[in-house]
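Structure record follows, encoded as structure tokens.
The basis for the numbers below is simple: all heavy atoms, side chains too, and nothing from hydrogens, waters or symmetry mates. Treat the numbers as computed from the prediction; the structure is a model and nothing was measured. Letters A, B, ... are given to chains in the order of the sequence lines, protein chains preceding strands, and every chain is numbered from 1.
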There are 2 protein chains.
Amino acid sequence: MEAYPKLTIEIMGLVADKWSLLTVYILGEGTLRFSELRRRAVPISQKMLTQTLRVLERHGLVVRRVLPTAPPQVEYSLSPLGRSFLSAASVICAWTRDNLAEVDAARQRFDQERSAA
Amino acid sequence: MEAYPKLTIEIMGLVADKWSLLTVYILGEGTLRFSELRRRAVPISQKMLTQTLRVLERHGLVVRRVLPTAPPQVEYSLSPLGRSFLSAASVICAWTRDNLAEVDAARQRFDQERSAA
DNA sequence: CCGGATCCAGTACGATACTG
DNA sequence: CAGTATCGTACTGGATCCGG
């Protein structure tokens, strides 16, 4: 018997990914075009953004809409499922922001004790 | 100007990791020894569990306590910081559980449309 | 402007074997 | 029991070039 099925871990891996979190978090601000999204999600690379958006689209969290213009424009937005995930993602992002200093301090303490060997 | 500092992304990477989430989530049940933790966190490998616990300990989320027995026992538990993170992690875990089916369905739909090319 | 394709260094991860 | 060490494979993620 497997405590956590493969599928669960797989989806966790999708959802518990820093770029996914960041992307969804920023898309929470509204519908954005690729280049604008990239600018706001610095320092994500273009490749990772493309890749992350594909994965999120594939799993139904993000809607990709190509506008029939020249040059073509592509808009990204959250699906209803994506918005429901946003509320969870926000909690993680907020925690990170609020506890950044403490986590960093703990790490420095840990590393210092180590180097004292 | 960098929208998200390197440190923030680094901590996000720590915190937005499937094994970290899972480990903290399970440690939420209480203090556990290594082997018991491993059993409950299936299908995590022993190596990944060790590694994840080190990282979590280093960043102040987990407390490692070696008992002076023979054979040695090691207990892991959440620090106060870890418990504060648990509430955020739980939200992600709960979302995953509740939306597993829908995400999986979206993926199958997406893949089917793709293969119809 | 919005990406895809390719190359490559580095890392994740599992399997296995060994230690105090 | 609770790890550490090593190996091999697969994937990550940046850099760069290319194309509609």
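- For A/Gln46, the side-chain atoms get nearest to C/dG4 when compared with the rest of D/dG13, C/dG14, C/dG4.
- Rounded to whole Å, atom P of D/dC11 lies 15 Å from atom CE of B/Met48.
- A salt bridge links B/Arg40 with B/Glu29; the closest basic N to acidic carboxylate O contact falls under 4.0 Å.
- Salt-bridge formation is detected for the pair A/Arg107/B/Glu10: a Lys NZ or Arg NE/NH1/NH2 atom is positioned less than 4.0 Å from an Asp or Glu carboxylate oxygen.
- Closest to the side chain of A/Arg54, from the set C/dG4, C/dG14, D/dA2, is C/dG4.
- Computed from coordinates, the B/Lys6 NZ to D/dG13 P distance equals 15 Å when rounded to whole Å.
- The side chain of B/Lys47 lies closest to C/dA15 when the candidates are C/dG4, D/dG3, C/dA15.
- Across the interface with DNA chain D, nearest-nucleotide mapping of A/Asp17 and A/Pro71 shows A/Asp17 to be the residue nearer the 5′ end.
- Contact check, B/Arg33 against D/dA2: a side-chain N or O comes under 4.0 Å of OP1 or OP2.
- Counting to the nearest Å, the C1' atom of D/dG3 and the CG atom of B/Leu37 are 13 Å from each other.
- If you take CD of B/Glu10 and P of C/dT11, they are 12 Å apart, rounded to a whole angstrom.
- Taking hydrophobic clusters as Ile, Leu, Val, Met, Phe, Trp and Tyr residues chained together by side-chain heavy-atom distances below 4.5 Å, B/Val55 shares a cluster with A/Ile92.
- Hydrophobic clustering (ILVMFWY, side-chain heavy atoms < 4.5 Å, transitive): B/Leu86 and A/Val103 are in one cluster.
- Proximity of B/Tyr76 to the phosphate of D/dG3: a side-chain N or O atom is located under 4.0 Å from OP1 or OP2.
- Here the C1' atom of nucleotide D/dA15 and the CD atom of A/Gln51 are 15 Å apart, to the nearest Å.
- Looking at A/Val62, A/Leu56, A/Val15, A/Leu78 one by one, the single match for side chain to side chain contact (heavy atoms under 4.5 Å, CB included) with A/Phe85 turns out to be A/Val15.
- Using a 4.0 Å cut-off, some side-chain N or O of A/Ser35 falls inside it from OP1 or OP2 of C/dC2.
- When rounded to the nearest whole Å, the span between CG of B/Leu49 and P of D/dC1 equals 14 Å.
- The residue among B/Gln73 and A/Ser45 whose nearest nucleotide of DNA chain D lies closer to the 5′ end is B/Gln73.
- Rounded to whole Å, atom C1' of C/dG3 lies 16 Å from atom CD of A/Glu75.
- Not one side-chain nitrogen or oxygen of B/Trp19 sits closer than 4.0 Å to the OP1 or OP2 atom of C/dA12.
- Taking 4.0 angstrom as the limit, B/Arg64 places a side-chain polar atom (N or O) nearer than this to OP1 or OP2 of D/dG3.
- Between the CG atom of B/Leu53 and the P atom of D/dG3 there is a distance of 8 Å, rounded to whole Å.
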